[in-house]
Amino acid sequence: MATFNTLPGFREFYPEDYAQRKHIFQIWRQVARRFAFQEFDGPILESLELFTTKSGPEIESQLFCFEDKGGRQVSLRPELTPSLARMVAARANGLKRPIKWFSIGDNFRYERMQKGRLRCFTQLNVDLLGEQGPSAEVELIGLLVQTLIGFGLTEEDFFVRLSDRNLWMLYLAAHGYEGEAIGSILGVVDKWERMPEDKLLAQLQEVAGEKAAELKAAVDTFLKLDSLEAIRDCFAGLAAEEAATEELSARLVDWKVVLDGLGAMGFGGFVKIDLSIVRGLAYYTGFVFEAFDKKGEFRALAGGGRYDALVKKMGGPDMPAVGFGMGDVVLGELLKARGKMPEFVDTVDFFAVTGGDDEKLAALSDVALLRQAGYSVEYQLKAQAFGKQMKAAVSSGARFSLIYGSEELEKGVVKLRNLADRSEQDIPRGQLLEAVRELV
RNA sequence: GUGGUAGUAGCUCAGUUGGUUAGAGCACCGGAUUGUGAUUCCGGGGGUCGCCGGUUCGAGUCCGGUUUAUCACCCCA
C-alpha cells in the first residue's frame with residue numbers, strides 16, 4: 001500500500017494537539033471580545049490579483065496559487081488584510097466608526113519550512129479602522145499585550161518593540177532624502193542587524209552615493225535612541241525647516257499619547273521604544289510594532305502597524321487603519337517552552353460503570369437522560385470487570401462515576417461516586433437528574 | 001533556490017570490527033480479577049531498519065543515489 005504523508009508545512013491535530021489549539025483560539029477570542037472587537041471572516045480562496053495588487057507581482061512565488069476550472073487565476077490567502085480592506089471598502093459608508101474587527105483563520109504561504117514557519121498557519125488578525133489619532137494604537141497595542149498576558153505570560157516573558165516610520169521620514173528628510181530614497185533606506189534598516197557592515201555600506205551607496213558612510217552613521221545614531229527625550233534631543237541637533245519642526249513636535253505628542261495610554265492601562269513595562277523595527281513591506285505609514293519573547297529564542301510573536309493608505313489602494317475610500325497579526329505557531333512554541341500550555345483533552349462529566357445486561361440497560365436509560373439534560377456521559381461499550389471500568393472512568397477525566405450493579409438495581413438506586421475524593425452516595429434513580437444538578 | 005544534520009515499533013532510543021529469527025522502556029490490548037481507581041505478575045498485537053541500487057558468502061551496519069524531516073541562509077505580508 002502506498003503511504004500518504006501530510007503535505008510539507010501542513011499539520012494534523014490529534015485530540016491532545018487540538019486541545020492546545022482550542023486553548024489558543026479561546027484566549028484570542030475572549031480578549032478580543034473584552035476589547036469590544038467583533039469577529040468576522042473572509043474567503044480562504046481569492047483572486048490572485050487581490051494579493052499582487054497589494055504586495056506586487058513578485059509575491060506570486062510565495063503564494064499557493066493556481067488556475068481554477070473556470071480559468072481564473074486564484075490563490076489561497078496568504079493574509080487576511082486585502083480581504084478585510086475590500087469588505088470595509090464595500091460598506092464603508094454604512095459602518096459605525098471606529099470599525100473594530102478581528103478574525104481567526106488559516107493562511108497559506110508557499111515557503112520553505114523552518115522553525116516557527118509552516119505553509120499553513122492560523123492567525124489572529126485584529127484591525128481598527130476609521131480612527132486617525134494615536135488612541136487607535138493605544139487600543140490595539142493594549143489588546144496585543146493583554147492577549148499575551150491572557151496566556152499567562154509576564155513582563156519576564158515578552159515585550160513589544162514600538163517604532164515609527166513617520167519619525168524615520170522626518171529624520172531622513174532632515175538629512176536631505178525624500179520619496180523613494182527613504183523607502184530604500186528603510187529597506188536596508190530592516191536588515192541592519194543581520195547584514196555585515198560592508199554590505200550595508202554597499203546598499204546605502206546605491207541611495208546616498210559618496211555620502212553613504214555619513215548616512216550609515218546617522219542611522220546608527222538614530223537606532224540607539226530609546227526614549228522620547230533622546231529622540232527630541234537628536235532632532236534638536238539637526239538644522240530643519242520650520243514646517244518640519246512643527247511636524248516633529250506634533251508627532252512627539254502622538255508618541256506621548258501612545259505611551260501614556262499604555263502606561264495608564266498598566267502596560268508601560270511591556271513597551272520598549274526600538275526604532276530598528278520598520279517592517280518589510282512598505283505599506284505601513286506610521287507606528288509599527290512587533291512582540292518578541294524576551295529571551296530572543298523565537299521569531300516575532302506578533303507584528304503590526306498603521307496602514308492608512310491601503311484601503312484606498314484596494315479601491316475603497318480614505319480609511320485610516322491600524323492592525324496586527326499573531327500566528328499560532330510561534331505562540332504555541334513559546335507557551336510550551338515556558339510551561340504555559342495546559343495539557344488537557346476533552347473530558348466528560350460522568351462515567352457509567354455497569355454489571356450485567358440488565359444493569360447496562362438501566363444505565364443506558366439514565367445515560368440518555370443525562371445527555372439530553374446537557375451533560376457529557378461515557379460508558380464502556382463492552383462488558384468488563386468493575387476494576388477495569390473504574391480505571392477507564394478515571395482516565396476519561398470524569399468527575400463522577402455512576403455505578404449500576406445488581407445491588408443498586410434491586411434497590412432502585414444508582415451509586416454516585418466522586419472520583420476526586422472517592423466518596424459515594426446512593427441516589428434513587430427517579431431523582432438522578434435533580435441530584436446531579438446540585439452537584440455539577 | 002543554497003547549505004548543515006538526521007531517518008530502526010505509536011513515542012524515546014539501543015543495536016559490538018558486517019554474522020543465526022532486530023531489541024528495551026513507555027504507550028496500547030488481553031488475562032490473573034463480574035463490586036471499586038494502586039502495585040505486581042503473565043501474555044499479546046504491532047517493523048518493507050525511509051526508498052532504490054552497489055560491495056560482500058552474508059548489510060540495520062560499508063559505499064553511491066534518492067526521498068522525507070529538521071535547522072540555518074534568502075524571504076517574511
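What's counted below: heavy atoms across the whole structure, side chains too, no hydrogens, waters or symmetry copies. Computed from a predicted model, the values in this text were never measured in an experiment. A, B, ... follow the sequence lines: proteins, then strands. Residue 1 opens every chain.
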>> Under a 3.5 Å cutoff, is there a donor and acceptor pairing between the side chains of A/Ser184 and A/Glu206?
In response: no

>> Whether the side chain of A/Arg117 and the base of B/C71 hold a donor-acceptor pair under 3.5 Å is what I'd like checked.
In response: no

> Roughly how far apart, to the nearest Å, are B/U5 and B/A9 at atom P?
Replying inline: 23 Å

> With distance as the sole test, does A/Arg279 use its side chain to make a donor-acceptor pair with the main-chain N or O of A/Val288 at under 3.5 Å?
Replying inline: no

>> Let's test this: given Watson-Crick or G-U wobble pairing with both distances under 3.5 Å, identify the partner of B/U2.
In response: B/A72

> So which nucleotide does B/G46 pair with, by the Watson-Crick or G-U wobble rule with both distances under 3.5 Å?
Replying inline: none

>> Given the structure, check if the side chain of A/Arg417 and the base of B/U36 hold any donor-acceptor pair shorter than 3.5 Å.
In response: yes

> Can you find an N or O donor on one side and an acceptor on the other, under 3.5 Å apart, linking the side chain of A/Glu111 with the base of B/G1?
Replying inline: no

>> Using the C1' atom as the point on both nucleotides, what is the distance between B/A32 and B/A69, in whole Å?
In response: 44 Å

> Rounded to the Å, how far apart are A/Glu333 CD and B/U70 P?
Replying inline: 11 Å

>> Roughly how many Å apart are B/C26 and B/U67, using the P atom of each and rounding to a whole number?
In response: 39 Å

> If the P atom of B/G53 is compared with that of B/G31, how far apart are they to the nearest Å?
Replying inline: 45 Å

>> Determine whether a donor-acceptor pair (one donor, one acceptor, N or O, separation below 3.5 Å) exists between the side chain of A/Arg112 and the base of B/U70.
In response: no

> Is a side-chain donor-acceptor pair under 3.5 Å present for A/Tyr307 with A/Asp127?
Replying inline: yes

>> From NZ of A/Lys391 over to C1' of B/C28, roughly how many Å is that when rounded to an integer?
In response: 12 Å

> Is a donor-acceptor contact shorter than 3.5 angstrom present between the side chain of A/Glu424 and the base of B/U36?
Replying inline: yes

> With a 4.5 Å heavy-atom cut-off, do A/Ile59 and A/Thr52 have their side chains touching?
Replying inline: yes

>> Can a side-chain donor-acceptor contact be found between A/Trp192 and A/Asp220 if the only test is distance below 3.5 angstrom?
In response: yes

> Considering only B/C29, B/C71, B/U36, which nucleotide approaches the side chain of A/Ile403 most closely?
Replying inline: B/U36

> Which whole number of Å gives the distance between the P atom of B/C57 and that of B/C73?
Replying inline: 49 Å

>> Is there, by distance only and without an angle test, a donor paired with an acceptor across the side chain of A/Arg279 and the base of B/C76 below 3.5 Å?
In response: no

